[in-house]
Amino acid sequence: MAKIDIVQIAKVLNISKSTVSRAFRDSADINPKTKERILKLAKELNYQPNYYASNLKEQKSKTIAIVLPELANNYFTQIIQGAEREAKKQGYHILIFVTDDDISKERDFIRSLASGRVDGVIMSVSGESTDHSYLESINYDHLPIVLFDRIYDDINLPKIVTDDYESSFMATEHLIQSGCQRIAYFVINKELSIGKTRLQGYEDALKKYKIPLRKRLIVDCSNSYEENNEIIETAILKQKPDGILASVERLAFSTYYVCQRIGVKISEDIKIIAFSSLEIAGLLNPPLSVVRQPAFQIGERAAATLLKQLTGETLQENEKFVTMHSDLVIKDSSRG
């Protein structure tokens, strides 16, 4: 009699090998009736999975890495929570690595992880360099990588992003419809794919309403709160914007701080909207209007995409580049 394995069980039941594997691992991510069918057939065939041999053969660590540019950001914290929940469903643990937006750290982390410390990686990239050639030397069969949020356009890897162009366009349009004519765009790195996309949405909204693009209202900021306070104060006092689109939530915080310090009234003198997943945005004074990104769901989707590859399944074309929808949540900071 031929040796029974999970491939044969999957074939008999007309399901995927990974589904059979999840049933034997007692994963929560499987339909209970499907699991029952699998275990019943295995019992009838007198099949017992050899977990030790399987892990030894595949050299699985049951761990995935999350590589982030920073941790001092509620957005990334929610992404971690989403990824961790999805990983836990399938019996995986996570390790977190922070690059501090340093390409050399990112490069060192990935090269180190490729040695087998983890089974796969989900990563939001640093924006320090345009040279990503180190990724070309990675064997993605042994270390699959999924990019999310901040991505490298020139690297052929699965990507999970949000509808940044549409969201930026709608946020700018909202400020225009609220009476703003001199709208500033605050950005930390407009050379990143995400920065370029949001900038394009901002510019196209101005163009639609025949508002001239003023380059001085595109304000380059930094990762330092102290530096941003100075940059933003100078921009407000010299350029006198009546509306601000902040590309990340920390720039909105700095703008609130600066406005309070120099006596500028938010909503009356200047209107603000920011990209953010911050749940307490509504508790600020005045409550902050936001482009609310689905951070938790991004983490879940990125982890699920990676874990599907780790089970040996091939991604469908529509899973290789996923765009998730953000919501425009209007509060008092931007109302007309």
S.K.: Should Phe296 and Ile298 be counted in the same cluster of Ile, Leu, Val, Met, Phe, Trp and Tyr side chains packed under 4.5 Å apart?
M.R.: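 No; tracing contacts between hydrophobic side chains, which count when under 4.5 Å, never links both residues.
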
S.K.: Would you check if Tyr165 and Asp204 make a side-chain contact, meaning some heavy-atom pair closer than 4.5 Å?
M.R.: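 Touching, per the 4.5 Å side-chain cut-off.
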
S.K.: Please check: side-chain N/O of Tyr134 versus main-chain N/O of Asp108, any donor-acceptor pairing under 3.5 Å?
M.R.: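 No, because the side chain of Tyr134 does not come within donor-acceptor range (under 3.5 Å) of the backbone of Asp108.
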
S.K.: Does His93, at its NE2 atom, have more than 12 non-hydrogen atoms belonging to other residues, nucleotides or ligands within less than 6.0 Å?
M.R.: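 Open.
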
S.K.: Using the test side-chain contact (heavy atoms from CB on, under 4.5 Å), find all partners of Lys265 that sit at least two apart in sequence or belong to another chain.
M.R.: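 Scan of Lys265 (side-chain contact (heavy atoms from CB on, under 4.5 Å), adjacent residues dropped) gives Glu268, Asp269.
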
S.K.: In Å, rounded to the nearest 0.5 Å, how long is the span from CG of Asp154 to CD1 of Ile151?
M.R.: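 Answer for the CG-CD1 pair, Asp154 versus Ile151, is 9.5 Å.
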
S.K.: Centre of Tyr225's six-membered ring, under 6.0 Å away, within 45 degrees of the axis: is that where NZ or CZ of Arg250 sits?
M.R.: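 So Arg250 does make the cation-pi contact.
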
S.K.: Under 4.5 Å between any side-chain heavy atoms of Arg111 and Arg107, yes or no?
M.R.: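 SC-SC contact between Arg111 and Arg107 confirmed.
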
S.K.: Decide side-chain hydrogen bond (donor to acceptor under 3.5 Å, both in side chains) for Thr99 and Glu106; before the verdict, give the C-alpha distance in whole Å, the side-chain angles of both, and the deciding distance to 0.1 Å.
M.R.: CA-CA 5 Å; Thr99 65; Glu106 177 184 301; 5.1 Å; no

S.K.: Taking it one step at a time, do Lys208 and Phe169 satisfy side-chain contact (heavy atoms from CB on, under 4.5 Å)?
M.R.: CA-CA 10 Å; Lys208 175 183 176 180; Phe169 185 98; 3.6 Å; yes

S.K.: Before giving the answer on side-chain contact (heavy atoms from CB on, under 4.5 Å), spell out for Val290 and Lys331 the whole-Å C-alpha distance, their side-chain angles and the decisive distance to 0.1 Å.
M.R.: CA-CA 8 Å; Val290 298; Lys331 299 290 184 180; over 6 Å; no

S.K.: Measure the shortest side-chain to side-chain distance between Phe253 and Asn228 over non-hydrogen atoms and say whether it is less than 4.5 angstrom.
M.R.: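 A side-chain contact is absent here, since even the closest heavy-atom pair is not under 4.5 Å.
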
S.K.: Under the salt bridge (charged side-chain N to carboxylate O under 4.0 Å, His left out) test, which residues partner Lys159, sequence neighbours left out?
M.R.: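 Expected list: none.
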
S.K.: What is the distance from atom CD1 of Ile145 to atom CG of Leu135, rounded to the nearest 0.5 Å?
M.R.: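 Separation between the atoms: 5.5 Å.
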
S.K.: Say whether, by atom type as modelled, one donor and one acceptor occur between the side chain of Asp327 and the main chain of Val329 under 3.5 angstrom.
M.R.: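 Between the backbone of Val329 and the side chain of Asp327 there is no qualifying donor-acceptor contact (under 3.5 Å).
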
S.K.: For Gly201 and Ser168, which heavy atoms make the closest approach, and how far apart are they?
M.R.: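 Minimum heavy-atom separation between Gly201 and Ser168: C-OG, 3.9 Å.
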
S.K.: If you link ILVMFWY side chains whenever their heavy atoms are less than 4.5 Å apart, which other residues fall into the same cluster as Leu328? By chain and number, please.
M.R.: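 Leu328 shares its hydrophobic cluster with Met170, Leu175, Ile176, Ile183, Tyr185, Val187, Leu199, Tyr202, Leu206, Tyr209, Ile211, Leu213, Leu217, Ile218, Leu245, Ile273, Phe275, Val291, Ile330.
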
S.K.: Any side-chain heavy atom of Ile64 sitting closer than 4.5 Å to one from Leu306?
M.R.: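 Answer yes - side chains close enough.
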
S.K.: Taking all non-hydrogen atoms of both residues, which atom of Val146 and which atom of Gln309 are closest, and how far apart?
M.R.: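 Of all heavy-atom pairs spanning Val146 and Gln309, the closest is CG2-NE2, 3.5 Å.
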
S.K.: Checking the side chain of Asp163 only, and the main-chain atoms of Ser326 only, is there a donor and an acceptor separated by less than 3.5 Å?
M.R.: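 Yes; at least one donor-acceptor contact below 3.5 Å.
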
S.K.: What are the two closest heavy atoms between Pro144 and Asp141, and how far apart are they?
M.R.: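 Heavy atoms of Pro144 and Asp141 come nearest at CD-O, 4.4 Å.
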
S.K.: When you measure from the side chain of Asp119 to the backbone of Lys62, do you find a donor-acceptor pair of N or O atoms at a distance under 3.5 Å?
M.R.: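 Checking the backbone N and O of Lys62 against the side chain of Asp119, a donor-acceptor pair under 3.5 Å is found.
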
S.K.: Does Gln260 CD have over 12 foreign heavy atoms under 6.0 Å away?
M.R.: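 No, CD of Gln260 has 12 or fewer neighbouring heavy atoms, counting only those of other groups under 6.0 Å.
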
S.K.: Can you find a pair of side-chain heavy atoms, one from Met324 and one from Val322, that are under 4.5 Å apart?
M.R.: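 A side-chain contact under 4.5 Å exists here.
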
S.K.: Check the pair Glu313, Lys17 against salt bridge (charged side-chain N to carboxylate O under 4.0 Å, His left out), reporting the backbone distance first and the verdict last.
M.R.: CA-CA 8 Å; Glu313 292 189 61; Lys17 184 176 72 171; over 6 Å; no

S.K.: Leu237: which residues meet the side-chain contact (heavy atoms from CB on, under 4.5 Å) condition with it, sequence neighbours left out?
M.R.: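 So Leu237 forms a side-chain contact (heavy atoms from CB on, under 4.5 Å) with Glu233, Ile262.
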
S.K.: Hey, is Arg301 close enough to Glu86 for a salt bridge, meaning N to O under 4.0 Å?
M.R.: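 No salt bridge links Arg301 with Glu86.
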
S.K.: For Thr19, check side-chain contact (heavy atoms from CB on, under 4.5 Å) against everything at least two apart and list the hits.
M.R.: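 Testing Thr19 for side-chain contact (heavy atoms from CB on, under 4.5 Å), a comparison that skips the adjacent residues, returns Ile15, Ser16, Arg22, Ile30, Thr34, Ile38.
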
S.K.: Taking the side chain from Asp242 and the backbone from Gln181, do they hold a donor-acceptor pair closer than 3.5 Å?
M.R.: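 Confirmed, Asp242 side chain pairs with Gln181 backbone.
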
S.K.: If you draw a 6.0 Å radius around CZ in Arg335, do more than 12 non-hydrogen atoms from other residues or ligands fall strictly inside?
M.R.: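 It does: Arg335 CZ has more than 12 such atoms within range.
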
S.K.: When rounded to the nearest 0.5 angstrom, what distance separates CZ in Phe109 from CG in Asp102?
M.R.: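 The CG atom of Asp102 is 9.0 Å from CZ of Phe109, to the nearest 0.5 Å.
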
S.K.: Do the non-hydrogen side-chain atoms of Ile80 and Ile94 ever get within less than 4.5 Å of each other?
M.R.: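 Contact flag for Ile80/Ile94 side chains = yes.
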
S.K.: Closer than 3.5 angstrom, by distance alone: can the side chain of Gln78 be matched with the main-chain N or O of Tyr75 as a donor-acceptor pair?
M.R.: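 Flag not set: sc Gln78 to bb Tyr75 has no pair under 3.5 Å.
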
S.K.: Is it the case that the side chain of Ser178 and the backbone of His174 share a donor-acceptor pair, with hydrogens and angles ignored and the cut-off at 3.5 Å?
M.R.: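 Yes: the side chain of Ser178 pairs with the backbone of His174.
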
S.K.: Checking Asp164 side chain against Arg198 main chain: does a donor-acceptor pair fall under 3.5 Å?
M.R.: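 Not at all, since once roles are kept as given, no pair shorter than 3.5 Å links the two residues.
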
S.K.: Could you grab the distance from atom CG of Leu39 to atom CD of Glu36, nearest 0.5 Å is fine?
M.R.: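 Interatomic distance, Leu39 CG to Glu36 CD, rounded to 0.5 Å: 8.5 Å.
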
S.K.: Enter the distance from Asp220:CG to Ile231:CD1 here, rounded to the nearest 0.5 Å.
M.R.: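 It comes to 8.0 Å.
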
S.K.: Please determine whether residues Tyr152 and Ile110 belong to a single hydrophobic cluster, defined as Ile, Leu, Val, Met, Phe, Trp and Tyr linked transitively by side-chain heavy-atom distances below 4.5 Å.
M.R.: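 Linked, Tyr152 and Ile110 end up in one cluster.
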
S.K.: Take Tyr257 and Thr255, measure what side-chain contact (heavy atoms from CB on, under 4.5 Å) needs, and give me the verdict at the end.
M.R.: CA-CA 5 Å; Tyr257 174 78; Thr255 302; over 6 Å; no

S.K.: Check the hydrophobic clustering (I, L, V, M, F, W, Y; side-chain heavy atoms under 4.5 Å; chains of links allowed) and say if Leu315 and Leu147 are grouped together.
M.R.: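 Not linked; separate clusters.
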
S.K.: Return the minimal non-hydrogen interatomic distance between Arg214 and Arg182, and the atom names on each side.
M.R.: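 Heavy atoms only, the tightest pair is NE-NH1, 3.1 Å.
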
S.K.: Nearest 0.5 Å, what's the CG-OG distance between Leu288 and Ser333?
M.R.: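 The CG atom of Leu288 sits 4.5 Å away from the OG atom of Ser333.
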
S.K.: Parallel, tilted or perpendicular: which one describes the rings of Phe76 and Phe148, with boundaries at 30° and 60°?
M.R.: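 Correct class here is perpendicular.
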
S.K.: Evaluate Ser126 against Asp101 for side-chain hydrogen bond (donor to acceptor under 3.5 Å, both in side chains), listing each step before the verdict.
M.R.: CA-CA 4 Å; Ser126 73; Asp101 259 333; 5.1 Å; no

S.K.: Looking only at heavy atoms, which two atoms of Lys271 and Ser334 are closest? And how far apart?
M.R.: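 Here Lys271 and Ser334 meet closest at CD-O, 3.5 Å.
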
S.K.: What is the minimum heavy-atom distance between Glu173 and Ala205, and which atoms define it?
M.R.: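 Nearest pair, atom of Glu173 first, then Ala205: N-CB, 4.2 Å.
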
S.K.: Take Ile96 and Leu68 through the side-chain contact (heavy atoms from CB on, under 4.5 Å) test and state the conclusion after the steps.
M.R.: CA-CA 8 Å; Ile96 299 168; Leu68 303 164; 4.1 Å; yes

S.K.: Report yes or no: does Ser267 contribute a side-chain atom to a donor-acceptor pair with the main-chain N or O of Asp332 at less than 3.5 Å?
M.R.: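 Yes.
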
S.K.: Should Asp149 and Ile160 count as side-chain neighbours, where that means a heavy-atom distance under 4.5 Å?
M.R.: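 Sidechains of Ile160 and Asp149: no contact.
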
S.K.: Please identify each residue that fulfils side-chain contact (heavy atoms from CB on, under 4.5 Å) with Glu227, with sequence neighbours left out.
M.R.: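 Applying side-chain contact (heavy atoms from CB on, under 4.5 Å) to Glu227 gives Ser222, Ser224.
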
S.K.: A side-chain contact here means heavy atoms from C-beta on lying under 4.5 Å apart; do Ile232 and Val219 qualify?
M.R.: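 Not touching, per the 4.5 Å side-chain cut-off.
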
S.K.: Hey, does the side chain of Ser247 reach the backbone of Phe186 with a donor-acceptor pair shorter than 3.5 angstrom?
M.R.: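 Present.
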
